[in-house]
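Report on the following structure.
Just so we're on the same page: letters track the sequence lines, and every chain starts at 1. All of these numbers come straight from a predicted model, not from anything done at the bench.
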There are 2 protein chains.
Amino acid sequence: MEALNAAELLAALGHESRLAIFRLLVEAGPEGLFASAIGEKLTLPPATLSFHLSHLSRVGLIRGQRESRFIHYSAEFSTMDDLIAFLTDNCCQNEVCLPKTAACATTEKRRSRLVKASTRTAPTAIDSE
Amino acid sequence: MEALNAAELLAALGHESRLAIFRLLVEAGPEGLFASAIGEKLTLPPATLSFHLSHLSRVGLIRGQRESRFIHYSAEFSTMDDLIAFLTDNCCQNEVCLPKTAACATTEKRRSRLVKASTRTAPTAIDSE
DNA sequence: TCCATAGTTAAAGTATTCTCGAATTATAAA
DNA sequence: TTTATAATTCGAGAATACTTTAACTATGGA
């Protein structure tokens with residue numbers, strides 16, 4: 001996987017159709033789904049579906065693999081994980097967070113998996129493994 | 001806070017400047033920062049900064065509060081938390097995830113805090129308390 | 001009151017993204 | 001072969017989003 005921009009990942013998910021596709025694949029788990037199944041569930045025209053699938057693939061959130069005439073898509077869980085880690089990393093300057101902010105509480109657990117890539121004032125890239 | 005769309009939250013974060021603003025505020029913690037301090041750190045023209053601050057405010061990711069001549073912004077941690085919960089909710093159909101997918105592992109911990117709002121094929125809203 | 005500062009809003013131009021029909025590629029079956 | 005199916009790429013129009021200058025509002029101090 002390439003070094004990628006967190007903003008790019010978030011922008012990719014920041015669209016109803018792409019988010020729906022991604023959630024479908026997250027729910028489906030490692031087995032994933034065929035493109036046609038996704039298209040049926042979401043009733044998207046083939047060209048539109050393909051556009052969004054390739055966008056999600058490009059940023060590394062999903063992965064497609066041809067199987068005979070079909071293409072089999074699955075979520076890239078590690079990318080999602082890196083993204084979540086990025087969002088919560090260095091939360092509250094690593095001080096103890098307020099009771100409500102569970103997001104911060106998980107930061108420590110994720111930290112070990114985190115590839116450090118963000119500078120403090122210009123957060124930019126996530127290097128995946 | 002209003003019922004909001006997860007895609008809207010993600011789209012709001014899916015822009016370099018807004019993500020940088022948000023991360024700055026996440027790092028700053030509950031104390032937050034003045035708008036002017038954000039502008040200086042990121043060197044954004046006032047109008048541009050204001051545009052992005054109001055976008056982030058509108059979707060509920062940050063909050064601004066006037067303090068004399070300054071406006072004091074802080075991250076809405078609960079919104080970020082809801083968003084992360086949404087992303088990982090129902091991951092792998094709640095089966096045990098592969099070793100790598102820590103995002104799934106945290107789903108259970110977050111579930112208790114989750115306001116159920118997503119339908120399976122058309123994920124849409126996050127109701128924040 | 002008048003001026004300076006912090007920040008927002010308005011408006012308009014520019015750029016980017018989204019959608020979907022039509023054409024195209026890849027595979028498989030008749 | 002020829003035909004059918006699964007999916008992608010092309011291309012052009014429509015819709016959104018981004019940036020910026022200029023004008024405006026709000027607050028505080030001289």
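At a threshold of 4.0 angstrom between heavy atoms, the contacts of Pro45(B) are confined to the sugar-phosphate backbone, with no base atom among them. Counting any heavy atom pair closer than 4.0 Å across all strands shown, Ala47(B) reaches a base atom.
For Thr48(B), the listed nucleotide lying nearest its side chain is dT19(D); candidates were dT19(D), dA22(D), dA7(D). When distances are taken from the side chain of Leu53(A) to each of dT27(D), dC18(D), dT8(D), the shortest belongs to dT8(D).
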Residues 43-55 of chain A, side-chain donor-acceptor partners within the protein, below 3.5 Å, at least two apart:
residue: His52(A); atom: ND1; partner: Arg18(A); partner atom: NH1; Å: 3.1
residue: Ser54(A); atom: OG; partner: Phe51(A); partner atom: O; Å: 3.2
residue: His55(A); atom: ND1; partner: Arg18(A); partner atom: NH1; Å: 3.2
residue: His55(A); atom: NE2; partner: Arg58(A); partner atom: NH2; Å: 3.4

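By the 4.5 Å heavy-atom criterion applied to side chains, Ile71(A) and Phe34(A) are not counted as neighbours. Two residues are said to be in side-chain contact when any heavy atoms from C-beta on lie closer than 4.5 Å; Glu27(B) and Arg23(B) meet this criterion. Contact check for Tyr73(A) versus Leu25(A): side-chain heavy atoms found under the 4.5 Å cut-off.
When the C1' atom of dA7(D) is taken as reference, atom CD1 of Ile21(A) falls 13 Å away, rounded to whole Å. Atom CZ in Arg69(B) sits about 10 Å away from atom C1' in dA26(D), given to the nearest Å.
One finds a side-chain N or O of Tyr73(A) lying less than 4.0 angstrom from the OP1 or OP2 phosphate oxygen of dT8(D).
Note that the two end axes of the helix from dT1(C)-dA30(D) to dA30(C)-dT1(D) enclose an angle of 10°, each drawn from 5 base pairs, rounded to 10 degrees.
Chain A approaches DNA chain C within less than 4.0 angstrom (heavy atoms of the protein), and the contacting nucleotides run 5' to 3' from dC18(C) to dA28(C).
Nearest-nucleotide mapping onto DNA chain C: of Ser68(A) and Gly14(A), the residue sitting toward the 5' end is Gly14(A).
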